Amino acid sequence: MRMTTANGLIGSMALALFSTTASADLGLINMTRGVTESSRQIYDLHMTIFSITVAIGLLVFGAMFYSIFRHRKARGVKPAKFHHSTAVEIVWTVIPLGILVAMAVPATQTLIDLDDTSESEMTVKVTGYQWFWGYEYMDEDVQFLSRLDVDSDRARRLGSGVEPASVDNYLQNVDKRLVLPVDTKIRFQITAADVIHSWWMPDLGWKKDAIPGFVNETWTRIDEPGVYRGRCAELCGRDHGFMPIVVEAVEKDEFQAWLAEQRGETGATADAAETNEDEQVGDALASR
Amino acid sequence: MTATTQDHAHHEAEPTGLKRWLVTTNHKDIGSMYLLFSLAMFLVGGAMALVIRAELFQPGLQVVDPYFFNQMTTMHALVMIFGAVMPAFTGLANWMIPLMVGAPDMALPRMNNWSFWLLPFGFAILLSTLFMPGGGPAGGWTMYPPLMLQTGTAFPFVIFAIHVLGISSIMGSINVIATILNMRAPGMTLMKMPLFVWTWLITAYLMIAVMPVLAGAITMLLTDQYFGTTFFSAAGGGDPVLYQHIFWFFGHPEVYILILPAFGIISTIIPAFTRKPLFGYSSMVYATASIAFLSFIVWAHHMFTVGMPLAGQLFFMYATMLIAVPTGVKVFNWVATMWRGAMTFETPMLFALAFVFLFTIGGFSGLMLAIAPADFQYHDTYFVVAHFHYVLVTGAVFAILAAAYYWLPKWTGHMYSERLGQWHFWLSVIFVNVLFFPQHFLGLAGMPRRIPDYSVQFADWNMISSIGGFGFGFAQLIFVWLLYKCIRGGQKAEARAWEGAEGLEWEVPSPAPHHTFDTPPVVR
Ligand SMILES: [Cu+2]
């Protein structure tokens, strides 16, 4: 959330209170707007429904607290005797129904948009493993595994003695980033090799479950170059908390250059690299 | 409403000591055992929650191994749902339904004894899995395959334990339905029943409908593991998501099983301390029935991210949003009941008012979660954790505490210490919000649930949440102390312990004699 003045104020007050923590983030209280059209639609839906609940809340709690302060025995009031009113009951059944219908319209539109993976320009296959991610650029002959980076992995051991705040991007850094082009409709095919995982990138606006034996499809189109961080969202065993996702969005030509580099690098030893990766996966599965 | 009461001397010599409790068929004894068992489980499940909050106090792993952390989240949920909340409601049903409908006992007293005594054995098995090779279940209380199939020795024991608890719940429900439908005092038509009785009747039907579905789901897990079936394995033509459909077909009605009796309690307590009849009695009954019906057609809103067809997502989104209507009606009715009443604020009323306020906040976040596209962000984050703890802790648990305070004078014959009660309430209500409100922020900012460690931007709100957790946990010890004192003695309670209390239970002396309504009262 863009820090409002009030947020900023509370945030800085809290900052003073919690000055021991390197990066105090008490201002971090809302969903990200993200960097795609869909993520902004979702953010707007979220803020709309949130505002509606706040408005209803003010009315209901207002009436409730007014009643608590005015209609108390200590003030010597005599209780009224009424116990129903069909007219009022119909009103407060129908009005919420109307609000819900009004809310359902934009939600339906967003859902339809998100479901439409047609006309995508490239496809990335995402595979969840216990406990890392595999990425494959379809028809590009580029694939690799992406794991928690070494520094975080060392610091996160029970009693490691390493202060998490001293590690760069603790638990949200990987050894090899998923590089994607901006302004490109990218289709994701998401699956898993062992148990269910869920690929969640808040800045793209969604998460999608990675289910062994099935392929889920969804898509994105990133607007701004940058590094975006996400994580596995479905409990997948011991190290569920330790399989982050990092997306690096770059300009299209930069992306093509990166792809070429990947192919060049792995071109000569492609077979060896593949075998090696398969072995790694096999080891990981065997050792669980 | 008038009633006559006859309090007979004991018909025959009854066993005393331990044997009295083992073989009892008396609804009051069994109700007390359910309630005390539930309190014990509440403390056990709470201790597990404190392990979780201790580990999450700051980033990095300080206290437990991640796998043990997963066992704690799994067991905390199972213990709280099946051990604390459900038995508490069954205990209240046992104590109060016969008193409220003017019946001498539950319809099936021997089965009543058995359905209680299954619980300690079920939980002995479940808790013992923590000490087995490979540890207890760590796949979440939802037990999704294939992850659940990675459980060690504990696997069949967990499933057996849940079967036992399920059988206990089903028998309890049958008993409630049989009692309500057959044993009401002359003149008490269905639409004259207290709302607690109504909500329990509907809850009991929900339980009978869905507990066998849970039993089916976990039995399929068992056969997948040991007998070569592949219901949930794509390799053999099955589908892991099939399990989720079956589980949530049980799971969603289950969440209403955990809240409908609470609605009944709140609808009893607010009129009593407002000194004014409940607003919209019949719309309360219809709203409860509508919620129960809708609970069967919304299950897949727990699964918006599994990759359902668009039409399915739309259907489950619309159906879920609809639940807001009858739930809203209930909240509006409670506020209208308070309107122009003459309120006083004893501990039961305070918990009931906090329920209305905080449960509604949980309802609001529920409405937000119903919006499927937004759920793509909310799902499996701390936002969801905050949501269901608002409806389960400040909802179900607060209602149970309200009920305990409200009926303690009837159960023990003594007034509890109002001073301790007020302390318990205010500490609970403050700390519970310190505990759960920041979790909304954490979830929205990107923290997934069920993780033992997190990146440093989540550190501050987690620390605050943990402080709230320990505060809330220790505040509950005040209740234990208050309860002990109230059972041991205290100011003598009158038959009608509260000025505005209505209902047959207040026509019998306090404490309620061992046998009540041997001759049915007449309800006009
Ligand atoms: Cu995972």
Side-chain angles (χ1 to χ4, degrees), chain A residues 18 21 23-26 28-31 42 45-46 49 53 60 63-64 67 71-73 77 79-80 83-84 89 92-93 96-97 100 104 107-108 110-111 114-115 156 158 164-165 170-172 195-196 198 202 206-209 211-214 216 231 233-241, chain B residues 59-61 65-67 140 144 146-147 150 234-235 240-241 275-277 279-280 283 305-307 310 313-314 317-318 321 324-325 328-329 331-332 335 338-344 357 364 367-368 371-374 376-377 379-380 441 444-446 448 450-453 455-457 459-460:
Chain A
F18 287 79
T21 326
S23 53
D25 269 314
L26 289 166
L28 199 65
I29 59 171
N30 202 357
M31 186 188 285
I42 286 171
L45 273 177
H46 157 68
I49 185 76
T53 61
V60 174
M64 180 172 154
S67 192
H71 307 141
R72 46 169 70 211
K73 199 186 172 202
V77 294
H83 53 76
H84 79 282
E89 288 169 65
W92 68 40
T93 310
L97 207 58
L100 290 177
T108 304
T110 308
L111 214 48
L114 279 167
D115 200 59
R156 63 123 173 161
L158 186 58
Y170 177 61
L171 294 191
Q172 38 187 6
V195 302
I196 301 174
S198 189
W206 47 259
K207 63 178 67 70
K208 200 80 171 175
D209 289 0
I211 295 164
F214 291 83
N216 272 331
R231 35 196 77 76
E234 173 68 47
L235 178 62
C236 57
R238 187 176 185 280
D239 284 349
H240 161 56
Chain B
L61 290 175
D65 175 84
Y67 193 74
Y144 284 1
L147 181 62
Q150 296 180 356
V241 177
R275 295 164 181 77
K276 183 166 159 282
F279 186 89
S283 71
T305 62
V306 298
L310 180 63
Q313 296 184 38
L314 288 172
M317 175 170 77
Y318 299 149
M321 290 168 80
V325 175
V329 166
V331 174
F332 299 145
V335 174
M338 293 175 215
W339 194 256
R340 292 180 51 213
M343 277 186 261
T344 51
F357 186 75
F364 285 148
L367 185 56
M368 294 171 74
I371 309 293
F376 294 157
Q377 290 279 35
H379 182 74
D380 264 334
F441 305 150
L444 292 176
R450 294 165 164 172
I451 55 171
D453 193 5
S455 39
V456 293
Q457 73 267 34
D460 297 338

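First the proteins, then the strands, lettered A, B, ... as listed; each starts at 1. Given the structure is predicted, the values throughout are model-derived calculations rather than measurements.
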B:P373, part contacting chain A, at a heavy-atom distance under 4.5 Å: both

Do B:V241 and A:D209 come within less than 4.5 Å of each other through their side chains, counting heavy atoms only? no

When the 4.5 angstrom heavy-atom criterion is applied to B:F332 and chain A, the contacting part is both

Distance (rounded to the nearest 0.5 Å) between A:L45 CG and A:L111 CG: 9.5 Å

Side chain, backbone, both or neither: which part of B:F364 has a heavy atom under 4.5 Å from chain A? both

Would you please test A:N30 and A:H46 for side-chain contact (heavy atoms from CB on, under 4.5 Å) and show each step? CA-CA 10 Å; A:N30 202 357; A:H46 157 68; 2.8 Å; yes

Below 4.5 Å from any heavy atom of chain B, which atoms of A:E89 appear? Answer side chain, backbone, both or neither. side chain

If you tally heavy-atom pairs under 4.5 Å between each of A:T110, A:L100, A:V77 and chain B, the highest tally belongs to A:L100

A:A104 versus B:M317, closest heavy-atom pair with distance: O-CE, 4.4 Å

Which heavy atom in B:G446 sits nearest to a heavy atom in A:R231, and how many Å separate them? O-NH1, 3.0 Å

Please look at A:Y170 and chain B and tell me whether the side chain, the backbone, both or neither of the residue comes under 4.5 angstrom of a heavy atom of that chain. both

What part of A:N216 gets within 4.5 angstrom of chain B, counting heavy atoms only: side chain, backbone, both, or neither? side chain

In terms of heavy-atom pairs under 4.5 Å with chain B, which of A:K207, A:K208, A:M64 leads? A:K207

Select one option (side chain, backbone, both, neither) describing which atoms of A:I196 are under 4.5 Å from chain B's heavy atoms. both

Choice from B:Y318, B:F279, B:F376 maximising heavy atom contacts with chain A below 4.5 Å: B:F279

Looking just at side-chain N and O atoms, do A:S67 and B:R340 make a donor-acceptor pair shorter than 3.5 Å? no

I need the minimum non-hydrogen distance between A:L171 and A:G241, along with the two atoms involved. CD1-O, 4.3 Å

Report the option among B:G280, B:A372, B:G341 that has the most heavy-atom pairs separated by less than 4.5 Å from atoms of chain A. B:G341

Under a 4.5 Å heavy-atom cut-off, does chain B meet the side chain of A:L235, its backbone, both or neither? both

Leading residue by heavy atom contact count with chain B [cutoff under 4.5 Å; candidates A:L97, A:L114, A:I42]: A:I42

Give, as side chain, backbone, both or neither, the part of B:I371 having an atom under 4.5 angstrom from any heavy atom of chain A. side chain

Out of A:A80, A:A63, A:G213, which one racks up the most heavy-atom pairs below 4.5 Å with chain B? A:A80

Between B:W339 and A:H71, is any pair of side-chain heavy atoms under 4.5 Å apart? yes

Lys/Arg-Asp/Glu bridge criterion (N-O < 4.0 Å) met for A:D239, A:R156: yes

